[in-house]
There are 2 protein chains.
Amino acid sequence: MRKVYTPATAANGVEHVLKLLEGRWKLIILFHLFDGKVRRYSDLEKLIPGISQKMLAQQLRQLEADGIVARKIYPQVPPKVEYRLTPWGQALCPALDTLLKWAEQKDDFPSSAPAR
Amino acid sequence: MRKVYTPATAANGVEHVLKLLEGRWKLIILFHLFDGKVRRYSDLEKLIPGISQKMLAQQLRQLEADGIVARKIYPQVPPKVEYRLTPWGQALCPALDTLLKWAEQKDDFPSSAPAR
DNA sequence: CTGAATCCATGCGGATACTG
DNA sequence: CAGTATCCGCATGGATTCAG
């Protein structure tokens, strides 16, 4: 029997999984791999203004280690490396999509973010 | 005419909204306010093991300032303060729900997280 | 092109103590 | 009960340099 889904209790235990998405750039990166898109390292660098090489590489390494992103290396000169979502990463797409739609809804709610 | 939704371009510009969810405890807190639930400060403190008063208060302040969480103070002794989601915060629930389901799917994907 | 390595500043977040 | 105030360590992340 599969575990019954209850929002009330579900919060206990998902922290560990949620932590995999922590990090300033992870969600941004994932959005750019949305939909099964395949990106090269340099593509992501251009697509994400403000990110440093170190951060891009580091967050990609972590996403890879966590089984969310897959890396494919083409042994050639100059090097070519492609990133895509793993099956589990793909499963995250609906959540990303919902998150995206929420973000876009912001303006539909008057006086939502009064400023910080 | 409303903006057309395209995952490819949508990633540009949502960063700002996504940042509102950054912070080690924010998602956890939101999960405990899921579904229109109303929680007192002390409730959240008990529900979230490991969080410090400072962090709980700080993240709540930020979520409040960002229009995601609403605070209601009962002027009485001893003090009583309730937290709930704002309408915009409520709109986030579907996304939280999808995220939760993704987290629970983890075991369905063999060799997902090989360890770090 | 795709990184790894290093140095360094910022600030996040923890622990503790204090208050209305 | 529901916070604020303070101190502080360490991880996060930026800039730069080097390398296969």
Side-chain angles (χ1 to χ4, degrees), chain A residues 11 14-16 18-33 37-66 68-86 116, chain B residues 11 15-16 18-33 37-66 68-86 115-116:
Chain A
V14 277
E15 290 94 342
H16 184 256
L18 255 21
K19 289 195 68 129
L20 306 184
L21 301 180
E22 271 180 22
R24 178 159 172 199
W25 304 99
K26 292 211 181 143
L27 283 181
I28 310 287
I29 292 174
L30 291 178
F31 275 117
H32 286 289
L33 296 176
K37 277 193 289 285
V38 179
R39 304 287 198 193
R40 297 184 55 169
Y41 182 88
S42 53
D43 291 335
L44 292 171
E45 215 173 343
K46 289 168 201 154
L47 286 167
I48 309 177
I51 197 172
S52 65
Q53 292 181 331
K54 175 186 173 183
M55 280 301 108
L56 180 53
Q58 179 194 97
Q59 308 262 299
L60 281 171
R61 287 302 96 74
Q62 291 179 9
L63 287 170
E64 188 190 0
D66 292 331
I68 297 174
V69 158
R71 175 159 67 146
K72 186 172 184 182
I73 306 175
Y74 293 84
Q76 64 185 37
V77 176
K80 176 180 174 183
V81 181
E82 286 180 347
Y83 295 93
R84 74 191 65 206
L85 295 179
T86 64
R116 284 254 283 283
Chain B
E15 289 95 341
H16 184 257
L18 255 22
K19 289 195 67 128
L20 307 184
L21 301 180
E22 272 181 23
R24 178 159 172 199
W25 304 100
K26 291 211 181 145
L27 284 180
I28 311 286
I29 291 173
L30 292 177
F31 276 117
H32 285 289
L33 296 176
K37 278 193 288 285
V38 178
R39 305 287 199 191
R40 298 184 55 169
Y41 181 89
S42 53
D43 291 335
L44 291 171
E45 216 172 343
K46 288 168 202 154
L47 286 167
I48 309 178
I51 197 172
S52 64
Q53 292 182 330
K54 174 187 172 182
M55 280 300 109
L56 179 53
Q58 179 194 96
Q59 309 262 297
L60 282 171
R61 287 301 97 74
Q62 291 179 10
L63 287 170
E64 189 190 0
D66 292 331
I68 297 174
V69 158
R71 176 159 67 147
K72 185 173 185 182
I73 307 175
Y74 294 83
Q76 65 185 36
V77 177
K80 176 181 175 182
V81 181
E82 285 179 348
Y83 294 92
R84 75 192 65 208
L85 295 180
T86 63
R116 285 253 283 283

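Each chain gets a letter, A, B and so on, in the order the sequences are listed, and its residues count up from 1.
Rounded to whole angstrom, the span from the CD1 atom of A:Ile51 across to the C1' atom of D:dG14 amounts to 11 Å. Atom CD in A:Glu82 sits about 12 Å away from atom P in C:dG3, given to the nearest Å. Here the C1' atom of nucleotide C:dT2 and the CD1 atom of A:Ile48 are 15 Å apart, to the nearest Å. Separating the CD atom of A:Glu15 from the P atom of C:dG13 is a distance of 15 Å, rounded to the nearest angstrom. Distance CG (B:Leu56) to P (D:dA5): 16 Å, rounded to an integer number of Å. Between the P atom of C:dC1 and the NZ atom of A:Lys80 lies a distance of 13 Å, rounded to the nearest Å. Rounded to an integer number of Å, the gap from A:Glu64 CD to C:dT2 C1' is 13 Å. With rounding to whole Å, A:Ile73 atom CD1 is found 7 Å from C:dG3 atom P.
End-to-end axis angle of the helix from C:dC1-D:dG20 to C:dG20-D:dC1, using five pairs per end and rounding to 10°, comes to 50°.
Taken to the nearest 0.5 Å, the CG atom of B:Leu21 stands 11.5 Å off from the CG atom of A:Leu21. Considering CG of A:Asp66 and NZ of A:Lys19, their distance stands at 11.5 Å, rounded to 0.5 Å.
Of all non-hydrogen atoms in A:Tyr41 and A:Gln53, the two that sit nearest each other are OH-O, 3.3 Å. Pairing each heavy atom of A:Tyr83 with each of A:Leu33, the nearest pair is O-CD2, 3.5 Å. In terms of heavy atoms, A:Leu20 sits closest to A:Leu63 at O-CD2, 4.2 Å. Counting all heavy atoms, side chain and backbone alike, A:Leu47 lies closest to A:His32 at O-NE2, 3.6 Å.
One N or O on the side chain of A:Gln59 and one on the backbone of A:Trp25 form a donor-acceptor pair closer than 3.5 Å. For A:Thr86 (side chain) and A:Ala70 (main-chain N/O), no donor-acceptor pair under 3.5 Å exists by modelled atom type. Proximity of a side-chain donor or acceptor of B:Lys26 to a complementary backbone N or O of B:Glu22 within less than 3.5 Å is detected.
Across all strands, A:Tyr74 comes closer than 4.0 Å to no nucleic acid atom at all (heavy-atom distances).
Within the 4.5 Å cutoff, no side-chain heavy atoms of A:Val14 are placed close to those of B:Ile28.
Phosphate contact (OP1/OP2 of C:dA4, side-chain N/O of A:Arg61, threshold under 4.0 Å): present. Considering only side-chain N and O atoms, A:Arg40 lies nowhere under 4.0 angstrom from the phosphate OP1 or OP2 of C:dC1.
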* Asked: Where do B:Arg84 and B:Val69 land on the side chain to side chain contact (heavy atoms under 4.5 Å, CB included) test, with the steps shown first?
  -> CA-CA 6 Å; B:Arg84 75 192 65 208; B:Val69 158; over 6 Å; no
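We find that A:Arg40 and A:Glu82 are not joined by a salt bridge, their nearest charged nitrogen and carboxylate oxygen being 4.0 Å or further apart.
In the set C:dA4, D:dG3, D:dC1, D:dG3 carries the atom at the smallest distance from any side-chain atom of B:Tyr83.
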Pairwise N/O distances under 3.5 Å, protein to nucleotides 6-13 of chain D:
{"unit_1": "D:dG13", "atom_1": "OP1", "unit_2": "A:Arg24", "atom_2": "N", "d": "3.0"}
{"unit_1": "D:dG13", "atom_1": "N7", "unit_2": "A:Lys54", "atom_2": "NZ", "d": "3.0"}
{"unit_1": "D:dG13", "atom_1": "O6", "unit_2": "A:Lys54", "atom_2": "NZ", "d": "3.2"}

Output one line per pair: protein atom, nucleotide atom from nucleotides 17-20 of chain C, and distance, for all N/O pairs under 3.5 Å.
{"unit_1": "C:dA17", "atom_1": "N6", "unit_2": "B:Gln53", "atom_2": "OE1", "d": "3.4"}

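Checking A:Leu60 against A:Glu22, the closest nucleotide of DNA chain C that is more toward the 5' end is the one next to A:Leu60.
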